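Taking it in order: structure first as structure tokens, then the write-up.
When a residue number appears, it is its place in the shown sequence, counting from 1. In this text, all values refer to a predicted model and were calculated from it rather than measured experimentally.
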Amino acid sequence: GDSRGPVAQPYTKDSPVLERRLLMVIDDIAFVEVTRLAGKNIMPLGVGSELPGAGTIERIEKVNGRWRLIAAGEILQAESR
């Protein structure tokens with residue numbers, strides 16, 4: 001076999017997060033699009049959940065008609081009202 005080149009990792013869960021986007025909030029659950037090298041994944045997350053690469057989610061709130069998610073290491077704001 002040919003052992004050159006990067007090995008495909010089965011645990012893409014731990015690959016670095018490139019981008020996080022807050023898409024929407026339904027019943028206090030934030031739907032966050034998490035982009036990694038392996039692709040995009042939409043995760044339903046609540047307060048106390050782990051926001052990949054940014055620590056624990058502390059609050060999900062609506063400010064001026066826009067949803068905002070506050071985690072230990074990052075604040076995400078929904079793009080649309």
Side-chain angles (χ1 to χ4, degrees):
D2 188 355
S3 61
R4 284 175 299 154
V7 177
Q9 294 195 1
Y11 301 112
T12 54
K13 189 165 79 79
D14 296 325
S15 68
V17 174
L18 304 176
E19 189 186 4
R20 286 173 284 269
R21 285 176 58 216
L22 176 57
L23 301 179
M24 66 178 102
V25 177
I26 300 171
D27 294 333
D28 295 325
I29 298 296
F31 290 83
V32 179
E33 182 185 78
V34 177
T35 305
R36 294 187 167 93
L37 288 173
K40 292 183 178 183
N41 190 9
I42 294 177
M43 308 178 68
L45 301 168
V47 172
S49 299
E50 192 75 15
L51 179 64
T56 304
I57 296 171
E58 294 165 1
R59 294 208 305 282
I60 298 169
E61 60 190 14
K62 206 168 201 177
V63 179
N64 297 329
R66 253 183 211 202
W67 285 104
R68 197 162 64 175
L69 181 153
I70 298 168
E74 183 160 356
I75 295 175
L76 298 181
Q77 184 159 301
E79 291 167 19
S80 58
R81 290 175 182 275

Mind checking whether Thr56 and Glu50 have side chains closer than 4.5 Å, heavy atoms only?
-> yes

Rounded to the nearest 0.5 Å, how far apart are CD1 of Ile42 and CZ of Arg21?
-> 8.5 Å

Non-hydrogen atoms of Glu58 and Ala72 that approach each other most closely = OE2-CA, 3.5 Å

Heavy-atom side-chain proximity of Asp28 to Val47 below 4.5 angstrom = no

Atom CG in Leu22, atom CZ in Arg68: separation rounded to 0.5 Å?
-> 11.0 Å

What are the two closest heavy atoms between Leu18 and Arg36, and how far apart are they?
-> CD1-C, 3.8 Å

How long is the gap from CE on Met43 to CD1 on Ile29, to the nearest 0.5 Å?
-> 12.0 Å

Nearest heavy-atom neighbours spanning Ala71 and Gly55 = CB-O, 4.3 Å

Atom CD1 in Ile60, atom OG in Ser49: separation rounded to 0.5 Å?
-> 7.5 Å

Of all heavy-atom pairs between Trp67 and Lys62, which one has the smallest distance, and what is that distance?
-> NE1-CE, 3.7 Å

Single-linkage hydrophobic cluster, 4.5 Å side-chain cutoff, Val25 and Leu23 together = no

What about Leu76 and Val17, same hydrophobic cluster or not, with Ile/Leu/Val/Met/Phe/Trp/Tyr joined at side-chain heavy-atom distances under 4.5 Å?
-> yes

With the side chain counted from C-beta on, respond yes when Pro52 and Leu45 share a heavy-atom pair under 4.5 Å apart, and no when they do not.
-> yes

